[in-house]
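Notes follow the structure.
Both ligands and their constituent atoms are indexed starting at 1 by order of listing.
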Amino acid sequence: MTLSSFHPPVRTLMGPGPSDVNPRVLEAMARPTIGHLDPVFVSMMDETKELLQAAFLTENKLTMPVSAPGSAGMETCFTNLIEPGDKVIVCQNGVFGGRMKENVERCGGEAIMVQDDWGKPVDAEKVEQALQDHKDAKIVAFVHAETSTGAVSDAQALVALAHQYDCLAIVDAVTSLGGSPLKVDEWEIDAIYSGTQKCLSCTPGISPVSFSERAIAVIKNRKTKVQSWFMDLNLVMDYWGSGAQRSYHHTAPINALYGLHESLVILQEEGLENAWARHDKNHQALKAGIEAMGLSFFVDEAHRLPQLNAVEFPAGTDEAKVRSELLNRYNLEIGSGLGPMAGKIWRIGLMGFASNQQNVLTCLGALDAVLSDMGVEINSGKAVSAAMASFSA
Ligand SMILES: *Cc1c(COP(=O)(O)O)cnc(C)c1O
């Protein structure tokens, strides 16, 4: 047993999440812990709800942070909206659509799968076909920003399609919130969940969620109890909802919520649209550098996420060694491929606070150095200047 405090190294986090945490968020989290029913804390909860509504661009009253990571936000949506026997159209074009299927089945529902190739967006025509084949479907669920591949799907069109067939839409926005356009009310999304550790640049462990009136009506009219006590929104609404009694449900992760509050204040200070534009600008510069090096992107330009860059490398590259060299020599973390993409792509995140000019140049310079030293065939020495040219264009 070692009796000494743990001191993590300072890394630059450019993987699929967690992303670099803004120091202001860490500082907020170190403030004194107070009781979760303390009136001062309760008013911070109210502010956090308003800030989340602003981040999601919604007036949904039931907008709140679930006290657990993005996966728990996902479960909150599925367990509350699905009852045994319900049919759910699940779109899968990467890892996270597969998790949606698991959720549907564990709720006793039937998942109708709509499959698209990894790296492609969800195909609305296939979804429409599934809706026609299953007129009794209740929900359409899809991932807006697929972090496993770096592809974005047309959430607005998919939600409209779901509504046309009287279905609710559940949207995974874990990686999109704060990084690229997302408009919950304008797009009429019924249930949405996100995470704090991607483009909000907060620490992991909290999941913002939001539900439309239509979704709330479905939850209130359930014939069966939600099988998860912790996630049952009928109970949580008394804690977080409008006119809530703030009676004890569970102990909120108090300091983690200080962090979320601060990260949402930072987002509003910058402005949502400015944040989206910054993610795009840094992505364009990274792209210029990656292409100048002779490497290419996995996803077609039209469907590429600015915050998650899936990059292909020359066949035969010892990609795990590249990542460990980046970590050991430059304190830089990038992500590997997940599932079938393992050994095929790197996932370079430019999320939230980590989406900045310095990180783009650091990453390109370090990648150039490591690949050159390992003898991988690239156009050495070109990437950083290409990115600088993109920044000054
Ligand atoms: C990261 C992620 C999740 C899971 O979030 P956790 O906080 O790791 O539980 C779900 N969906 C997508 C698209 C993600 O990127």
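Protein heavy atom nearest atom 3 (C) of ligand 1, with residue, atom name and distance: Phe96 CE2, 3.4 Å. For atom 15 (O) of ligand 1, the closest non-hydrogen atom on the protein side is Thr147 OG1, 2.3 Å. Closest to atom 9 (O) of ligand 1 among all protein heavy atoms lies Ser71 OG, 2.5 Å. Ranking the protein heavy atoms by distance from atom 11 (N) of ligand 1 puts Asp172 OD2, 2.7 Å first.
In this structure a side-chain-to-backbone donor-acceptor pair under 3.5 Å is present from Asp190 to Ala169.
Residues Thr224 and Glu83 have side chains that bring a donor and an acceptor to within less than 3.5 angstrom of each other. At a cut-off of 3.5 Å, with distance as the only test, a side-chain donor of Gln132 or Tyr165 sits close to an acceptor on the other residue. Between the side chains of Ser212 and Glu188, not a single donor N or O lies within less than 3.5 Å of an accepting N or O. Donor-acceptor pairing under 3.5 Å is recorded for the side chains of Ser355 and Asn282. For Thr175 and Thr147, the side-chain atoms include at least one donor-acceptor pair closer than 3.5 Å.
Contacts between Pro204 and ligand 1, counted as non-hydrogen atom pairs separated by less than 4.0 Å, are absent for every part of the residue.
Contact between Ser207 and ligand 1 is absent, with no heavy atom of the residue lying under 4.0 Å from the ligand.
Looking at Leu257 and Ile206, their side chains come closer than 4.5 Å, going by heavy atoms from C-beta outward.
In the vicinity of Ala145, heavy-atom distances shorter than 4.0 Å reach the ligand 1 atoms 13 (C). Which parts of ligand 1 touch Gly70 is read off a 4.0 Å heavy-atom cut-off, strictly below it: atoms 5 (O), 6 (P), 7 (O), 9 (O). Residue Thr175 has at least one heavy-atom neighbour below 4.0 Å for each of these atoms of ligand 1: 15 (O).
Nearest residue to atom 1 (C) of ligand 1 from Met100, Lys198, Gln197, Met351 is Lys198 (criterion: closest heavy atom).
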